[in-house]
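These notes are about the structure you will find just below.
First the proteins, then the strands, lettered A, B, ... as listed; each starts at 1.
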There are 2 protein chains.
Amino acid sequence: MEAELQVTFRALSDPTRRAILMHLHQGDMTIGEVTDKFDITRAAIKKHLTILEQGNVISVQVRGRERINHLEPMALQPVSQWINSFSTFWDERLSNLQTVIERNEKNK
Amino acid sequence: MEAELQVTFRALSDPTRRAILMHLHQGDMTIGEVTDKFDITRAAIKKHLTILEQGNVISVQVRGRERINHLEPMALQPVSQWINSFSTFWDERLSNLQTVIERNEKNK
DNA sequence: CCTACATAATACCTTTTGGTATTATGTTTA
DNA sequence: TAAACATAATACCAAAAGGTATTATGTAGG
């Protein structure tokens with residue numbers, strides 16, 4: 001459990017990797033496509049993608065000679081839960097969400 | 001904004017530091033008291049506390065010759081918000097929380 | 001005031017991280 | 001099948017991180 005948490009936290013702890021996740025949020029991308037979004041070499045991007053994959057934050061599908069990188073947002077859940085285990089914070093959030101949910105109900 | 005996110009993520013990215021936060025969740029502690037919970041030197045603990053302080057995740061109050069370390073759970077909010085910005089995940093969480101809130105309502 | 005003790009500061013070492021460069025491998029496609 | 005192209009693998013470098021050891025400093029209390 002702690003081990004899982006750690007690989008995920010490690011994956012998220014670098015600004016470049018978080019930026020990659022944001023890009024993948026728009027849709028799946030090959031290594032080359034990801035590289036085009038940044039000013040660093042493909043090999044460096046590849047290293048980041050490997051760490052993201054180890055953290056289960058992305059999944060990779062090999063298609064022909066390409067590797068398609070796909071965001072796995074559910075992997076963020078353990079991190080979110082860890083954060084929410086600090087109850088003071090949790091209570092505060094809960095009341096904020098109450099408002100959000102009520103607003104959603106009205107729009108139905 | 002990214003800068004703030006980064007210092008917080010950095011603070012959380014180490015297992016020892018997360019364990020320190022869990023201990024501080026029980027109550028404020030001096031450096032010595034925190035050290036007693038671990039098997040590493042006081043100097044190493046102090047370095048971790050400095051990084052936690054830079055991430056605004058704890059605050060420090062100097063009292064006489066002691067430094068009282070205090071948890072600041074609200075600092076986790078930007079990280080939580082970043083995670084929730086991945087909407088697939090968010091939608092899933094929202095419905096879970098709906099359940100939690102409804103249960104709370106019944107207990108009032 | 002002076003001694004004991006908690007924290008601070010500094011120097012130093014090892015490992016990890018982020019990156020580049022280069023070479024190899026495998027897959028299309030003309 | 002050969003050439004072009006995308007990814008993989010390896011070696012290497014510099015900087016940062018995590019840690020210990022040691023010395024300095026400041027504060028409480030007898």
**Report entry** Proximal nucleotide (of D/dG18, D/dG19, C/dA9) relative to the B/Asp14 side chain
**Finding:** D/dG18
Query raised in the report: Any side-chain donor paired with an acceptor under 3.5 Å for A/Glu72 and A/Ser59?
Result: yes
Query raised in the report: Can you tell me if B/Arg17 uses its side chain to pair, donor with acceptor, with the backbone of B/His48 under 3.5 Å?
Result: no
Query raised in the report: Expressed in angstrom and rounded to an integer, what is the separation of A/Leu52 atom CG from C/dG18 atom P?
Result: 10 Å
Query raised in the report: Choosing from C/dA8, C/dG19, D/dT7, which nucleotide comes nearest the side chain of B/Lys46?
Result: C/dA8
Query raised in the report: Would you say B/His48 reaches D/dG19's phosphate, i.e. side-chain N/O to OP1/OP2 under 4.0 Å?
Result: yes
Query - Sugar-phosphate only, base, or nothing, as touched by B/Lys47 at under 4.0 Å among non-hydrogen atoms - result: base
Query raised in the report: On DNA chain C, nearest-nucleotide positions of A/Ala43 versus A/Glu66: which is more 5'?
Result: A/Ala43
Query raised in the report: Of the nucleotides D/dT7, C/dG19, C/dA8, which one has an atom closest to the side chain of B/Arg67?
Result: C/dA8
Query raised in the report: Closer than 4.0 Å, any side-chain N/O of B/Thr41 to the OP1 or OP2 of D/dA21?
Result: no
Requested in this report: Find the distance B/Gln54:CD to D/dA17:C1' and express it as a whole number of Å.
Outcome: 12 Å
Query raised in the report: Starting at the 5' end of DNA chain C, which residue's closest nucleotide do you reach first, A/Arg10 or A/Arg42?
Result: A/Arg10
Query raised in the report: What do you reckon, are the aromatic ring centroids of B/His23 and B/Phe38 less than 6.0 Å apart?
Result: yes
Report task. Check the distance between C/dT7's C1' and B/Glu33's CD and give it to me in whole angstrom. Result -> 14 Å
Query - Test side chain to side chain contact (heavy atoms under 4.5 Å, CB included) applied to B/Gln54 and B/Arg10, step by step - result: CA-CA 9 Å; B/Gln54 286 168 354; B/Arg10 182 187 172 216; 3.4 Å; yes
Requested in this report: Mind calculating the distance between CZ (B/Arg17) and P (D/dA17) to the nearest angstrom?
Outcome: 9 Å
Requested in this report: Rounded off to whole Å, could you give me the CG-to-P distance for the A/Leu49 and D/dA6 pair?
Outcome: 16 Å
Query raised in the report: Quick one: B/Ile40 CD1 to C/dT14 P, roughly how many Å, whole number?
Result: 19 Å
Report summary line: For B/Arg18 and B/Ser13, the nearest pair of non-hydrogen atoms, with its separation, is NH1-C, 3.7 Å
Report task. From the options D/dG18, C/dG19, C/dT7, select the nucleotide whose nearest atom is closest to the side chain of B/Ile31. Result -> C/dT7
